[in-house]
Amino acid sequence: MDAQKTSNLNKFQTLIVFLGILSIAGSSWYFLYKMDENMKNMMDGDMQMGMDMKSEMDMKADNTSGINISDQRIRLMPPNIKMTAGYFSIENKGNEKIKLVSASSSLFDKVELHTMYKDGDAMMMKEVGHVELLPSKKFKFSPMGHHLMLIGPKEVLKEGAVVDVELNFSNSVAIKTNFVVKKISVMKMNMQETWLPDTGWMPPMSNIWSLNDFYQLFIMWAIMMIAMMSPSIVGSVLMYAKVNKAKMEKGLQYTPTFIFYLGYLLAWIIYSLGISLIQYPLQVEALMNPMLASISHTLSAVVLIIAGIYQFTPYKYACLNKCRTPLSLIMAQWKDGSWGALTMGLSNGFYCVFCCWFLMAVLLVAGVMNMAFVVILTLFVLVEKLLPVPESMESVYFKVITIVPGLFLIAWGVSFIL
């Protein structure tokens, strides 16, 4: 078939294609923003219900120093998880400000003071040197806030076990107290499992994942990929529709354009399943936090450096070239019928997947639900694939659009291991 003889679409036909893709992409973006909003509400409001629940034993440790400790509990974790978190309330009944500077336990190799904080739309965790306790004030160590990070258990802790913890303060006071190991469910409050896409789904804080949790993770990735990548396929879909129109005008077999688009989306759905299978063990092994972002410097460095290096490979260049020239790709692979349209869309989609798969994997570091980064990544892909440049500048453009991000990703990765 001669590419020069493809008919142009009229305004109505072009509008129908745009509206079809826009409706699917828009629905996907709406799902993501509702999910992001629900996560924020859970962090900022509803989760306080779980944070304020006291343990059944309601143990208190009083000291002549005027420091009162209560509601000590440690989250029960699976035996393969080598760290857990401790929560409690502490009240400074004195008249001067003091600091909690360290903690230790005979049942753990190390105990650190940690806090959760917002970095854009993502929740991150970091170690802190101390926690200030104001006079006559109570301070709560709670999920999604300050907490004790207990690392390297020396034995398997079972529900109901008592763990000794020593808290050290800036006024040279050391208080020994006991924590009770308990099941602490924060993210799953008032939530029921559903096999529908669920904007209210939250990853389990305990890292004990059910089949439904994995399914919801996969659905979230699939919807995110549809939202992010649909805008960049507009050119290819319009090109396919033009060829289809030319065939129809000649009385040849016509295949609905949406089947080609469905094949493209199917490629990214397959990618979503693959990345979910990779992320699942990372979550279970506590290498990623409940907000779906890496907390391992090694993991972050490996993902970013590989993503950066891939930008320099001929595979990246070849796939990006195919994505930027949809007409030649469509004409070279043309197949009649619905199955032909589906396989053409799938092939086009896989070129796009292999162009961007490591860029999408960077979300494991930045945070899968870091909406600010998701938007930035979407805009970059649009520029990368659709920005028109003069033919004489195409070679320079390819170098800039691949080498600059590659260097940035490598430098970002190296920063995690320096």
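Residue numbers count from 1 along this sequence.
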### Task
Check whether any side-chain heavy atom of Leu100 lies under 4.5 Å from a side-chain heavy atom of Phe141, and answer yes or no.
yes
#### Entry: Pair Asn348-Ile233, side chain to side chain contact (heavy atoms under 4.5 Å, CB included): steps then yes or no
CA-CA 9 Å; Asn348 193 293; Ile233 192 61; 3.5 Å; yes
### Query
How close do Phe139 and Glu132 get, heavy atom to heavy atom, and via which atoms?
CD1-O, 4.3 Å
### Query
Hey, is NZ on Lys154 packed in by over 12 heavy atoms from elsewhere, all under 6.0 Å?
yes
### Message
On a heavy-atom basis, which atom in Pro405 and which in Phe380 lie closest, and how many Å separate them?
### Response
CG-CZ, 3.5 Å
### Message
For the OG atom of Ser27 and the CZ atom of Phe31, what is their distance to the nearest 0.5 Å?
### Response
11.5 Å
### Message
Measuring only between side-chain heavy atoms, which start at C-beta, is Leu409 closer than 4.5 Å to Leu359?
### Response
yes
### Query
Heavy-atom distance under 4.5 Å between the side chains of Ser142 and His147, does that happen here?
no
### Task
Could you tell me whether the side chain of Asn68 and the main chain of Lys93 form a donor-acceptor pair under 3.5 Å?
no
### Message
Let me confirm one number: the OG-CD1 distance from Ser232 to Ile21, rounded to the nearest 0.5 Å.
### Response
9.5 Å
### Query
Are Val374 and Trp29 side-chain neighbours, meaning at least one heavy-atom pair lies under 4.5 Å?
yes
### Summary
Residue set satisfying side-chain hydrogen bond (donor to acceptor under 3.5 Å, both in side chains) with Ser102, at least two apart, ordered chain then number -> Asn168
### Task
Determine whether Val181 and Lys158 make a side-chain contact, defined as any pair of heavy atoms from C-beta on separated by less than 4.5 Å.
no
### Any side-chain heavy-atom pair of Leu299 and Phe416 under 4.5 Å
no
### Summary
Between Val165 and Leu167, the two heavy atoms sitting closest are CG1-CD2, 3.9 Å
### Message
Using side chain to side chain contact (heavy atoms under 4.5 Å, CB included), reason through Tyr264 and Cys352 one step at a time and then give a plain yes or no.
### Response
CA-CA 9 Å; Tyr264 175 83; Cys352 189; 3.1 Å; yes
For residues 300-309, please give each side-chain donor-acceptor pair under 3.5 Å, one per line with the distance, not counting sequence neighbours.
| residue | atom | partner | partner atom | Å |
| --- | --- | --- | --- | --- |
| Ser300 | OG | Ser294 | OG | 2.8 |
| Ser300 | OG | Ser296 | O | 3.0 |

#### Entry: Note, Leu148 side chain near Phe108 side chain (heavy atom, < 4.5 Å)
no
Can you give the donor-acceptor pairs under 3.5 Å from side chains of residues 219-230 to other protein atoms, not counting sequence neighbours?
| residue | atom | partner | partner atom | Å |
| --- | --- | --- | --- | --- |
| Trp221 | NE1 | Gln279 | OE1 | 2.8 |
| Ser230 | OG | Ile226 | O | 2.7 |
| Ser230 | OG | Tyr261 | OH | 2.7 |

### Task
Locate the shortest heavy-atom distance separating Lys140 from Ser89; write the atom from each residue and the value.
CG-OG, 3.6 Å
### Query
In Å and rounded to the nearest 0.5 Å, what is the OG1 to CG distance from Thr84 to Leu150?
6.5 Å
### Aromatic plane relationship, Tyr310 with Phe358 - under 30° parallel, 30 to 60° tilted, over 60° perpendicular
tilted
### Query
CG of Leu157 to CZ of Arg75: how many Å apart, nearest 0.5 Å?
13.5 Å
### Query
Can you name the residues that form a ring pair (Phe, Tyr, Trp, His ring centres under 6.0 Å) with Tyr30, not counting sequence neighbours?
none
### Task
Enumerate the residue pairs fulfilling side chain to side chain donor-acceptor pair (under 3.5 Å) with a member in residues 407-418, sequence neighbours excluded, ordered by first and then second residue.
none
### Summary
Taken in chain and number order and not counting sequence neighbours, the residues that satisfy ring pair (Phe, Tyr, Trp, His ring centres under 6.0 Å) with Phe260 are Tyr240
### Task
Report the C-alpha separation of Leu277 and Phe218 in whole Å, then their side-chain angles, then the decisive distance to 0.1 Å, and conclude whether the side chain to side chain contact (heavy atoms under 4.5 Å, CB included) test is met.
CA-CA 8 Å; Leu277 288 170; Phe218 160 63; over 6 Å; no
## Note on the structure
For Ser395, the side-chain hydrogen bond (donor to acceptor under 3.5 Å, both in side chains) test, sequence neighbours excluded, returns none
#### Entry: Pair Ile90-Phe169, side chain to side chain contact (heavy atoms under 4.5 Å, CB included): steps then yes or no
CA-CA 12 Å; Ile90 183 167; Phe169 299 87; 3.5 Å; yes
### Test item: Thr115 and Lys126 side chains (from C-beta on) under 4.5 Å apart, heavy atoms
yes
### Message
Show the nearest heavy-atom pair for residues Trp268 and Cys356, with the distance to one decimal.
### Response
CH2-CB, 4.1 Å
### Query
Crowded around Glu96 CD? As in, over 12 foreign heavy atoms under 6.0 Å?
no
Expected list for residues 360-368: side-chain donor-acceptor pairs under 3.5 angstrom, two or more places apart:
none

### Task
Please list, chain by chain and in numerical order, all residues satisfying ring pair (Phe, Tyr, Trp, His ring centres under 6.0 Å) with Phe354, sequence neighbours excluded.
Trp357
### Task
Starting at CD of Gln283, measure out to CE of Met288 and round the result to the nearest 0.5 Å.
5.0 Å
Listing, residues 316-323 side-chain donor-acceptor contacts under 3.5 Å, not counting sequence neighbours, or none:
| residue | atom | partner | partner atom | Å |
| --- | --- | --- | --- | --- |
| Lys316 | NZ | Gln311 | OE1 | 3.4 |
| Lys316 | NZ | Cys355 | O | 2.8 |
| Lys316 | NZ | Glu384 | OE2 | 2.7 |

### Summary
Distance col, row Glu91:CD vs Lys137:NZ, nearest 0.5 angstrom, shows 10.5 Å
Ignoring hydrogens and angles, write down the donor-acceptor pairs under 3.5 Å from the side chains of residues 397-404, residues two or more places apart or on other chains.
| residue | atom | partner | partner atom | Å |
| --- | --- | --- | --- | --- |
| Tyr397 | OH | Val383 | O | 2.5 |
| Thr402 | OG1 | Phe398 | O | 2.6 |
| Thr402 | OG1 | Lys399 | O | 3.4 |

Can I get a per-line list of side-chain donor-acceptor pairs under 3.5 Å for residues 337-345, giving both atom names and the distance, sequence neighbours left out?
| residue | atom | partner | partner atom | Å |
| --- | --- | --- | --- | --- |
| Thr343 | OG1 | Trp339 | O | 3.1 |
| Thr343 | OG1 | Gly340 | O | 2.9 |

### Query
Which pair of heavy atoms, one from Arg324 and one from Val389, lies closest together, and at what distance?
NH2-CG2, 3.6 Å
